Amino acid sequence: MSKKVRVRFAPSPTGGLHLGGVRTVLYNYLFAKKHGGDFIVRIEDTDQNRYVAGAEEYIFDTLKWCGLEPDESVQHGGAFGPYRQSERKESYRQYAEQLVKEGYAYYAFDTPEELEKMRQTPIATGNKTEHGHTQQYDHSIRMKMRNSLALTTAETQKMLAEGTKHVIRIKVPEKETVSFTDMIRGEVSFDTSTVDDKVLLKADGMPTYHLAVVVDDFLMKISHAFRGEEWLPSAPVHILLWKYLFGLENMPQWAHFPLILGPNGKLSKRDGAKYGFPVFAMRWNDPKTGELTEGFKEKGFLPEAFINLLALLGWNDGTEQEIFSKKELIEKFSMDRVHSAGAKFDYEKAKWFNHEWIKRFEVSNLRFEVGELLKQDGFVVSNEAFLDKVIALVKDRCVLLTDFVQQSSFFFKTPEVLDIDAIKPKWNEAKQLFFAELIRNYELSSGWDAHTLENNFKEIAAVNDLKPGELMLPFRIMLVGGKFGPGVFDIAEMLGKEETIKRITMAIKVFQ
RNA sequence: GGCCCGUUCGUCUAAGGGUUAGGACACCACCCUUUCACGGUGGUGAUACGAGUUCGAAUCUCGUACGGGCUACCA
């Protein structure tokens, strides 16, 4: 009997949540839900220097918008708290001390200056001193540094007793092969001689990621540990810690997701919107710089489309299906169909996903968002039934939610400027007379539906020996203001008799 | 530089030894539509390179090249 599936997303609250982060959340979430497990969010705030106000709150807001609610977290509670690493500070030291006691780690007293000097020391591996090579704090140099391995026991005890600032480093064995099975990449192995003695416990008593992730994954009974590929190089450290602390048999199964690349490599939080597309899920307001970065939400993406597009960036179900609801994703997701290669983000395709979702969405699902957008732009939306009809009429031509404003503004407000250039050259007296007659006809019209409106329009055109086609565009410009929008007669029907006639009348004057 | 991961149309990907290498986005053409879209039909376009294993390789192995990641008392 296998243990319960428990996965975690462990962000550090230092800024906005970008595409890669959300996809990591998504895959964690899908995997958990697929296997009836728990999805946990653990805040990794062990670096006090990088604290950013509001970032934690922002992460949860983003998850909520995406529809990826955790089962356990700072906000959702749970039996394995606290879910903020800074609040677990006390528990880490004992594990680090245990490692020292057992000979798997050691105290290091080196000052930042000494470390800097060490990095400069040219290393002669073989016989060449390569440019750009930085010396790592590893087996080759640790006996020359100031740590409990190189110092005598008495010296170490004295420094400890005096309260000398120190860290605890892992003592990576020299010639071992550490390997593990990655759910996506298969067997991955490392020669420990190339792994450095990472700091486990910092001078301020806080653990580094390396110690914290292992301890917390154990304490929180995490069954599967998923994270981005950028963590692969430090995996041997974590494997070693599991071996020393809790036993390899208790270690979660690992999967390292491929990176999502921008035009210049890995997407990073700092890239903001400089690529011409958002990198954050939602708007991020950096309290330090005051910089406001818009996200996919503000850009007009539906959360359903957003997670759909993210899911397909590195995963597919083996069929040609591309549009998946969250329910379907949960049903069909499987880790062995996740790609191992990084994926370059394609904003055009992202927009296509959103367009597909808008087209497929029921009007009632769009009503609220579209209504808000229109109000934001100063349009008065008083009648919900009318709004619904408008949405139904224009949604096929809206790629982003924000397109609704431009596509439907003329339903709510008489256009202020008309695209006269499209009409003027071909405007003549015959056409003017036609529209005058059209006004009279429409005024007397008893029925006001697109069909009769169109019939009457064409009848009058025929009687006056005019081509309906040449009159449709002017009519459109009169009602819409430009060369876009749904069928003209549908628009006229929606606008109603009074408004339609008003717009024709006004336009005739403008065209003269 | 070292270590690790990766490499199929411009982009996302399918094809887990035998296919005319399939689909989607984008692009182009035509049809539909006397607006713009939607929709429909068709088109351009890819297995990085070199060896090997095999009757047969995009698929397995090795090398090379290229790309990416990591190389902090950051995650």
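Because the structure is a prediction, the values reported are computed rather than measured. Chain letters run A, B, ... following the sequence lines, proteins first, then strands; residues in each count from 1.
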Would you classify [X] as touching base, sugar-phosphate or nothing, given that sugar-phosphate means primed atoms plus P, OP1 and OP2, and contacts are heavy atoms under 4.0 Å?
X: A:Phe190; result: sugar-phosphate
X: A:Val167; result: base
X: A:Glu229; result: base
X: A:Val188; result: sugar-phosphate
X: A:Thr319; result: nothing
X: A:Arg119; result: sugar-phosphate
X: A:Leu115; result: base
X: A:Gly228; result: nothing
X: A:Ser234; result: nothing
X: A:Pro258; result: nothing
X: A:His256; result: nothing
X: A:Asp110; result: base
X: A:Arg476; result: base
X: A:His166; result: nothing

Find which nucleotide of RNA chain B each of A:Gly318 and A:Trp231 is nearest to by heavy atoms, and output the residue with the more 5' nucleotide.
->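 Closer to the 5' end of RNA chain B: A:Gly318.
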
Relative to the 5' end of RNA chain B, which residue comes earlier, A:Asp196 or A:Pro486, by the nucleotide with the nearest heavy atom?
->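 Taking each residue's closest nucleotide, the earlier one in sequence belongs to A:Pro486.
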
Whole-angstrom distance between [N] and [M], as gauged at atom [atom1]:
N: B:C74; M: B:A37; atom1: C1'; value: 48 Å
N: B:U64; M: B:G10; atom1: C1'; value: 26 Å
N: B:C62; M: B:C70; atom1: P; value: 26 Å
N: B:G16; M: B:U59; atom1: P; value: 12 Å

Do you know which of A:Trp315, A:Phe9, A:Phe257 makes ring-ring contact (aromatic ring centres under 6.0 Å, His included) with A:Tyr27?
->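 Answer after filtering A:Trp315, A:Phe9, A:Phe257: A:Phe257.
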
Of the nucleotides [options], which one has an atom closest to the side chain of [X]?
X: A:Val199; options: B:C70, B:A37, B:C73; result: B:C73
X: A:Ser340; options: B:G6, B:G39, B:U34; result: B:G6
X: A:Thr194; options: B:A15, B:C12, B:C3; result: B:C3
X: A:Trp352; options: B:A24, B:A14, B:G39; result: B:A24
X: A:Arg185; options: B:U13, B:G22, B:C5; result: B:C5
X: A:His355; options: B:C70, B:C25, B:C38; result: B:C38
X: A:Arg169; options: B:C73, B:C25, B:U34; result: B:C73
X: A:Lys266; options: B:C74, B:G22, B:G69; result: B:G69
X: A:Arg50; options: B:C74, B:U13, B:A37; result: B:C74

Assess the pair [X] and [Y]: is the distance between their ring centroids shorter than 6.0 Å?
X: A:Phe280; Y: A:His18; value: no
X: A:Phe457; Y: A:Phe434; value: yes
X: A:Phe353; Y: A:Phe306; value: no

How long is the line joining [atom1] of [X] and [atom2] of [N], in whole Å?
X: A:Lys198; N: B:C74; atom1: NZ; atom2: P; answer: 11 Å
X: A:Gln407; N: B:C38; atom1: CD; atom2: P; answer: 11 Å
X: A:Asn264; N: B:G67; atom1: CG; atom2: P; answer: 13 Å
X: A:Asn316; N: B:U11; atom1: CG; atom2: P; answer: 18 Å
X: A:Met335; N: B:G16; atom1: CE; atom2: P; answer: 22 Å
X: A:Gln321; N: B:U13; atom1: CD; atom2: P; answer: 17 Å
X: A:Lys351; N: B:C12; atom1: NZ; atom2: P; answer: 17 Å
X: A:Lys344; N: B:A26; atom1: NZ; atom2: C1'; answer: 14 Å

Assign B:C28 to syn or anti; the rule is syn for a glycosidic angle within 90° of 0 and anti otherwise.
->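 For B:C28, whose glycosidic angle is more than 90° from 0, the conformation is anti.
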
Indicate whether OP1 or OP2 belonging to B:A37 is found under 4.0 Å from a side-chain N or O atom of A:Lys359.
->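 For B:A37, OP1/OP2 do not have a side-chain N/O of A:Lys359 under 4.0 Å.
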
Return no unless some side-chain N or O of A:Arg397 is found under 4.0 Å from OP1 or OP2 of B:G39.
->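 Negative; the distance criterion is not met.
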
Look at the aromatic rings of A:Phe475 and A:Phe435 and report parallel, tilted or perpendicular, splitting at 30° and 60°.
->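 If you compare the ring of A:Phe475 with that of A:Phe435, the planes turn out tilted.
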
Anything under 30° is parallel, anything over 60° is perpendicular, the rest tilted; go ahead and classify A:Trp231 against A:Tyr209.
->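 Judged by the thresholds at 30° and 60°, the geometry between A:Trp231 and A:Tyr209 is parallel.
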
Donor on one side chain, acceptor on other, A:Arg185 and A:His256, under 3.5 Å =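 The criterion, which ignores hydrogens and geometry beyond distance, is not satisfied for A:His256 and A:Arg185.
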
State whether a side-chain donor-acceptor pair under 3.5 Å links A:Lys332 with A:Gln321.
->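 A:Lys332 vs A:Gln321: donor-acceptor pair found between side chains.
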
Determine whether any donor atom in the side chain of A:Lys349 lies under 3.5 Å from an acceptor atom in the base of B:A26, or the reverse, and answer yes or no.
->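 Side chain to base: no pair below 3.5 Å.
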
Geometric cation-pi criterion, A:Lys349 with A:Trp352: 6.0 Å, 45° =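 So A:Lys349 does make the cation-pi contact.
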
Mate of B:C38 where both pairing distances stay under 3.5 Å, Watson-Crick or G-U |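 The answer is none; no pair meets the criterion.
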
Would you mind pulling out the nucleotide paired to B:A51, Watson-Crick or G-U wobble, both distances under 3.5 Å?
->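 Because both required distances fall under 3.5 Å, B:A51 counts as paired with B:U61.
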
Taking RNA chain B as the partner, which of residues 203-211 of chain A come within under 4.0 angstrom of it by heavy atom?
->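 Heavy-atom cutoff 4.0 Å gives A:Ala203, A:Pro207, A:Thr208, A:Tyr209.
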
Evaluate the criterion salt bridge (charged side-chain N to carboxylate O under 4.0 Å, His left out) for residue pair A:Arg337 and A:Asp317; output intermediate values, then yes/no.
-> CA-CA 7 Å; A:Arg337 287 204 66 88; A:Asp317 77 338; over 6 Å; no

Filtered N/O pairs between nucleotides 58-62 of chain B and protein, under 3.5 Å:
none

Looking at A:Arg88 and A:Asp216, does any basic side-chain N land under 4.0 Å from a carboxylate oxygen?
->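 Looking at A:Asp216 together with A:Arg88, the answer is yes, because their closest N to O distance falls below 4.0 Å.
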
List the steps and the verdict of salt bridge (charged side-chain N to carboxylate O under 4.0 Å, His left out) for A:Arg142 and A:Glu174.
-> CA-CA 12 Å; A:Arg142 64 180 162 227; A:Glu174 204 170 324; 5.3 Å; no

Would A:Arg50 and A:Asp45 count as a salt bridge (charged side-chain N to carboxylate O under 4.0 Å, His left out) if you check the C-alpha gap in whole Å, the side-chain angles of each, and the deciding distance to 0.1 Å?
-> CA-CA 8 Å; A:Arg50 294 213 301 162; A:Asp45 57 348; over 6 Å; no

